[in-house]
Amino acid sequence: MEAVAAETTGTKPPQLRAARVRKQSIIKFVILLVTLGFLFIPLFSMLIFTLRHPLSGRWSLAPWVAIFTGNGESLGADLTVLWQGLGTSLALCVVTVVIMLLLMVPTMVIVHIRSKALERAIEWVATLPLTIPAIVLVVGLGPIYRWLSADVLSTNPIWLCFAYVILVMPFAFRAIAVGLNSIDVKTLVEASRSLGASWPKVFFRVIIPNLWQSILSASFISIAVVLGEYTVASLLGRMNLQVALYQLGQSNSQISTAMSLLALLFGVVLLVALDLISDAMRKSKEGK
């Protein structure tokens with residue numbers, strides 16, 4: 001009678017609901033376990049490789065000690081190229097993020113207010129680098145960089161920032177677009193203008209404070225992309241962290257792998273910091 005009543009009312013008995021919940025929990029656990037294994041088994045293998053010499057089988061912390069002491073001579077590695085590449089990549093991160101924000105934030109805000117059609121066109125242009133392989137970008141950028149290096153600028157790797165702005169545009173655009181769509185920009189602008197605020201005040205004191213979370217997201221994602229970029233720098237003959245790791249791997253692959261793990265860890269720290277900052281900003285807004 002209970003089963004008939006459950007069928008007529010459209011509800012399932014508690015036993016069936018509990019069994020379904022257990023099945024869903026098992027499926028979620030298996031998916032999570034497979035995903036974590038897919039992500040962490042390669043990283044764990046890299047860690048083992050840095051600790052165990054591939055030929056002798058001897059376990060040692062020497063590669064990590066060499067990185068943190070800055071002395072790799074005992075392992076036959078010159079770490080000068082590593083520090084040079086790391087310094088270049090960090091400088092590229094700063095310059096790329098600054099150019100990206102100066103270029104995209106004002107443009108996206110103005111277009112978001114004025115024209116939805118133009119916003120869709122800019123979205124198409126900004127996401128275009130995702131569909132173009134990096135090697136194809138280099139074919140187009142190569143002649144431009146040769147001309148810039150010979151006649152206008154120098155061969156300093158810092159000028160890779162122009163190419164990197166193109167590479168980070170799709171990720172930065174999406175992060176900023178999410179922030180713009182989450183607030184009523186037109187209403188904020190109209191209210192501020194009606195109260196006598198100038199356009200610079202509207203932009204810096206009204207819109208930007210509401211976009212801080214999106215700006216941080218775009219910045220952190222751009223930093224992660226720049227730190228992991230290899231193809232453009234290598235084919236253009238410039239030095240950055242990934243090119244330095246490749247060159248270092250020719251003499252000591254353990255130190256190169258250890259430094260790659262640290263770079264990955266730095267990216268994870270950036271994402272965790274972004275999440276913590278976002279939560280703190282959301283709680284502060286809710287408290288107000």
Side-chain angles (χ1 to χ4, degrees), residues 89 92-148 152-153 158-190 192-193 199-200 202-204 206-236 238 240 242 267 270-271 274-275 278:
S89 287
L92 280 168
C93 289
V94 175
V95 178
T96 301
V97 168
V98 170
I99 295 176
M100 178 271 297
L101 293 178
L102 291 177
L103 178 65
M104 298 200 68
V105 174
T107 302
M108 291 184 63
V109 170
I110 294 173
V111 171
H112 186 81
I113 296 173
R114 297 297 185 184
S115 174
K116 287 293 183 181
L118 187 57
E119 186 178 21
R120 287 192 292 269
I122 292 179
E123 180 180 6
W124 180 81
V125 173
T127 56
L128 195 59
L130 287 177
T131 64
I132 303 175
I135 191 169
V136 177
L137 286 175
V138 173
V139 171
L141 293 172
I144 298 175
Y145 268 92
R146 281 197 297 270
W147 171 72
L148 288 175
V152 182
L153 305 174
I158 196 66
W159 303 120
L160 285 173
C161 60
F162 301 123
Y164 286 173
V165 169
I166 297 175
L167 294 178
V168 305
M169 271 201 309
F171 311 101
F173 178 90
R174 183 50 53 198
I176 298 172
V178 169
L180 287 173
N181 292 328
S182 65
I183 60 176
D184 193 348
V185 180
K186 289 186 178 181
T187 301
L188 290 175
V189 171
E190 291 174 358
S192 302
R193 293 290 291 168
W199 278 108
V202 172
F203 183 76
F204 289 105
V206 177
I207 297 178
I208 292 298
N210 287 283
L211 290 179
W212 266 120
Q213 184 175 345
S214 298
I215 290 174
L216 287 176
S217 299
S219 301
F220 286 177
I221 293 173
S222 299
I223 291 173
V225 171
V226 172
L227 288 178
E229 202 287 317
Y230 170 79
T231 305
V232 174
S234 177
L235 294 179
L236 290 178
R238 304 297 197 276
N240 70 353
Q242 298 302 320
L270 284 180
L271 295 178
L274 173 61
D275 187 59
S278 300

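Heavy-atom neighbours of R114 CZ from other residues, nucleotides or ligands within 6.0 Å: at or below the threshold of 12.
Rounded to the nearest 0.5 angstrom, W199 CH2 and I110 CD1 are separated by 8.5 Å. For the atom pair M108 CE and I122 CD1, the distance stands at 8.0 Å (nearest 0.5 Å). To the nearest 0.5 Å, atoms CZ (R238) and CG (L92) are separated by 11.0 Å. From T231, atom OG1 reaches atom CD of Q242 across 10.0 Å, with rounding to the nearest 0.5 Å.
For D184, the side chain to side chain donor-acceptor pair (under 3.5 Å) test picks out T187, with sequence neighbours left out. When the side chain to side chain contact (heavy atoms under 4.5 Å, CB included) test is applied to L128, the partners found at least two apart in sequence or on another chain are W124, T131, I132. With sequence neighbours excluded, the residues that form a side chain to side chain contact (heavy atoms under 4.5 Å, CB included) with L102 are V98. Taking the side chain to side chain contact (heavy atoms under 4.5 Å, CB included) definition, one finds that L101 meets it with V97, V105, I215, S219, sequence neighbours left out.
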May I have the step-by-step check of side-chain contact (heavy atoms from CB on, under 4.5 Å) for I208 and F203, ending in yes or no? CA-CA 6 Å; I208 292 298; F203 183 76; 3.8 Å; yes
With side-chain contact (heavy atoms from CB on, under 4.5 Å) as the criterion, how do I183 and L211 come out once you've worked through the C-alpha distance, each side chain's angles and the decisive distance to 0.1 Å? CA-CA 9 Å; I183 60 176; L211 290 179; 4.2 Å; yes
Using atom types as modelled, flag every donor-acceptor pair under 3.5 Å from a side chain in residues 161-179 to any protein atom, sequence neighbours excluded.
residue : atom : partner : partner atom : Å
Y164    : OH   : E229    : OE1          : 2.6
Y164    : OH   : N240    : ND2          : 3.1
R174    : NH2  : E123    : OE2          : 2.5

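The two residues N210 and V206 make their nearest non-hydrogen contact at ND2-O, 2.5 Å. Looking at every heavy atom in both residues, P143 comes nearest to G140 through CD-O, 3.6 Å.
The side-chain hydrogen bond (donor to acceptor under 3.5 Å, both in side chains) analysis of residues 134-148, with sequence neighbours excluded, yields the pairs W147-D151.
Without hydrogens or angle criteria, S217 side chain to Q213 main chain gives a donor-acceptor distance under 3.5 Å.
Side-chain atoms of H112 and N181, non-hydrogen and from C-beta on, do get closer than 4.5 Å to each other. Using a 4.5 Å heavy-atom threshold, the side chains of I207 and L188 count as separate.
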